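For reference, the structure discussed in these notes is given below.
Side chains included, hydrogens not; waters and symmetry mates left out as well; all remaining heavy atoms used. Since the structure is predicted, the reported quantities are computational estimates derived from the model, not experimental observations.
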Amino acid sequence: MRNSRSLFAGLCGALGMLVLILDSKTAINGAAQGIRLCIQSVIPALFPFFVLSAMLTGTLTGIKSPILRPLGKLCGIPKGGESILLSGLLGGYPVGAQCISQAYTDGKLSQSDARRMLGFCSNAGPSFLFGMSGILFNTRSISFILWMIHIISALIVGMILPKSSSGAVMLSAGKQVRAGQAVQTAVRSIATVCSWVILFRMILCFADRWFLWLLPEVIQILITGILELTNGYLELAHVQNEGLRFVLASIFLSFGGFCVILQTASITGQAGLDLGSYFPGKLLQTAVSAALSVMVSGLLFPGFPRLRHPWIVLLTGCVVIVAIITKIKQNSSSIPSSSGV
């Protein structure tokens with residue numbers, strides 16, 4: 001299996017090199033667009049938030065609070081692991097996956113718990129959400145509503161994913177992060193984000209040259225957001241209907257994009273952990289977010305059609321949720337559980 005994956009990666013690399021050689025102009029144009037996006041939008045919007053976020057999340061790991069325990073119990077998180085959820089909600093992609101992988105590597109989180117928690121403990125953080133949403137929406141309250149929908153949908157996923165907790169965990173307390181360390185962390189984070197933005201902007205330029213231009217603009221933006229979160233989020237500025245822009249933003253935030261999936265797989269792979277419930281959890285969270293944001297958009301934005309029968313959306317969402325849970329249970333029943341490292 002590993003040899004097959006290595007061969008596939010090698011073939012993809014060779015094919016990518018061939019494409020760059022045959023059409024270097026498109027590659028250079030895509031890279032230039034990505035760099036402009038980073039300089040004009042991504043860095044100004046995100047870097048200050050990344051510095052403050054690093055100072056906050058660096059001290060969250062291992063924090064003990066009686067307020068967090070009911071929330072952890074609700075989501076089926078083993079006692080002592082609630083701070084991972086908090087880091088996953090505040091730190092942004094892929095901080096939650098990093099915390100889970102570290103706890104699993106240290107032997108403080110079982111494999112079954114780690115695989116399950118990946119489904120809802122890795123989310124878009126407020127640093128990205130408020131930084132980028134300020135570009136798309138004039139009213140700051142819209143960003144808060146988006147964040148609330150994002151958090152609620154993640155908690156709903158945590159409540160309904162099959163629970164298999166193996167007992168309490170003891171995480172080491174986090175250390176205070178100084179301003180200099182926070183700046184260094186923020187520089188690494190913004191460099192990583194910008195690298196992915198540039199790479200996927202190149203891929204999107206090739207896709208647009210080959211076939212993407214044939215599709216309606218909204219579908220193009222949807223594909224862009226599914227591939228890479230930041231590029232998709234920036235493209236939402238071209239959506240004239242603010243209600244539709246709100247719904248698409250909520251969907252992009254919950255799913256995270258295949259770019260984030262690749263980052264998460266890289267982190268968990270280094271810890272000897274597979275993605276577990278991450279992908280099913282993201283699909284489930286996206287479905288819940290889409291249903292909630294459609295209902296909210298009808299109340300917030302006059303240009304968005306208001307649902308006369310919101311129960312239809314809820315019923316459809318429940319059907320999707322039940323189907324995904326059934327699939328997850330089938331998969332989890334066929335995988336032997338592990339007691340951890």
Listed by chain and number, what are the salt bridge (charged side-chain N to carboxylate O under 4.0 Å, His left out) partners of R36, not counting sequence neighbours? none
Quick one: does S122's side chain have a donor or acceptor within less than 3.5 Å of a partner on L118's backbone? no
Minimum side-chain heavy-atom gap V296-L299 below 4.5 Å: no
Residue pair L284, I160: steps toward the side chain to side chain contact (heavy atoms under 4.5 Å, CB included) verdict: CA-CA 10 Å; L284 181 55; I160 62 182; 3.4 Å; yes
Any donor-acceptor N/O pair, S110 side chain to D113 backbone, under 3.5 Å: yes
Determine whether Y233 and S133 make a side-chain contact, defined as any pair of heavy atoms from C-beta on separated by less than 4.5 Å. yes
Distance-only, no hydrogens or angles: does the R116 side chain make a donor-acceptor pair with backbone N or O of G158 under 3.5 Å? yes
Using modelled atom types and a 3.5 Å cut-off, is there a donor and acceptor pairing between side-chain atoms of N231 and backbone atoms of V197? yes
C75 SG to L85 CG distance, which is reported to the nearest 0.5 Å: 5.5 Å
Taking R245 for its side chain and L136 for its backbone only, find out whether a donor-acceptor pair lies under 3.5 Å. yes
May I have the step-by-step check of side chain to side chain contact (heavy atoms under 4.5 Å, CB included) for T230 and V42, ending in yes or no? CA-CA 8 Å; T230 308; V42 177; 3.7 Å; yes
Please identify each residue that fulfils side chain to side chain donor-acceptor pair (under 3.5 Å) with D23, with sequence neighbours left out. T26, R209
For L234 and S41, work out which heavy atoms get closest and say how close. CD2-CB, 3.8 Å
Show your reasoning for whether side chain to side chain contact (heavy atoms under 4.5 Å, CB included) applies to Q33 and C205. CA-CA 9 Å; Q33 290 181 24; C205 275; 3.7 Å; yes
Run the side-chain contact (heavy atoms from CB on, under 4.5 Å) test against E217 and tell me which residues pass, sequence neighbours left out. I221, H238
For E242, all residues meeting salt bridge (charged side-chain N to carboxylate O under 4.0 Å, His left out), sequence neighbours excluded: none
Is F211 reachable from M202 through a run of I, L, V, M, F, W or Y residues, each pair having side-chain heavy atoms under 4.5 Å apart? yes
Please tell me if the side chains of K282 and N123 come closer than 4.5 Å, counting only heavy atoms from C-beta onward. yes
When you compare the side chain of P78 with that of M117, does any pair of heavy atoms fall below 4.5 Å? yes
Give the cluster check for I28 versus F206: same hydrophobic cluster or not, with ILVMFWY residues linked at side-chain heavy-atom distances below 4.5 Å. no
Do R115 and L273 make a side-chain contact, defined as non-hydrogen atoms from C-beta onward lying under 4.5 Å apart? yes
Please report the interatomic distance CZ(F47) to SG(C194), rounded to the nearest 0.5 Å. 10.5 Å
What distance do I100 atom CD1 and T268 atom OG1 have between them, rounded to the nearest 0.5 Å? 10.0 Å
Could you pull out every donor-acceptor pair under 3.5 Å between side chains of residues 138-152 and any protein atom, sequence neighbours left out?
from, atom 1, to, atom 2, distance (Å)
R140, NH1, F130, O, 3.1
H150, NE2, A124, N, 3.1

Using the salt bridge (charged side-chain N to carboxylate O under 4.0 Å, His left out) rule, take R201 and E235 through it: C-alpha gap first, then chi angles, then the decisive distance, then the call. CA-CA 11 Å; R201 175 53 61 175; E235 287 295 320; 3.1 Å; yes
Can you give me every donor-acceptor pair (side chain of residues 249-266, partner residue at least two apart or in another chain, under 3.5 Å) with its distance?
from, atom 1, to, atom 2, distance (Å)
S254, OG, S250, O, 3.2
S254, OG, S289, OG, 2.5
T264, OG1, V260, O, 2.8

Which heavy-atom pair separates Y104 from L109 by the least distance, and what is that distance? CD1-O, 3.4 Å
Can F128 be reached from I267 by stepping across I, L, V, M, F, W or Y side chains whose heavy atoms are under 4.5 Å apart? no
Is Q285 reaching over with its side chain to a backbone N or O of S153, donor-acceptor style, under 3.5 angstrom? no
Inter-residue atom distance I203.CD1 - L212.CG, 0.5 Å rounding: 12.5 Å
Run L222 and L248 through side chain to side chain contact (heavy atoms under 4.5 Å, CB included) and show every step you take. CA-CA 7 Å; L222 185 61; L248 290 175; 4.0 Å; yes
Is there side-chain contact between I198 and I35, with heavy atoms separated by less than 4.5 Å? yes
Pairwise distance CZ(R69) to NZ(K79) - rounded to 0.5 angstrom: 7.0 Å
For the atom pair CD (Q220) and CG (L215), what is the distance rounded to the nearest 0.5 Å? 6.0 Å
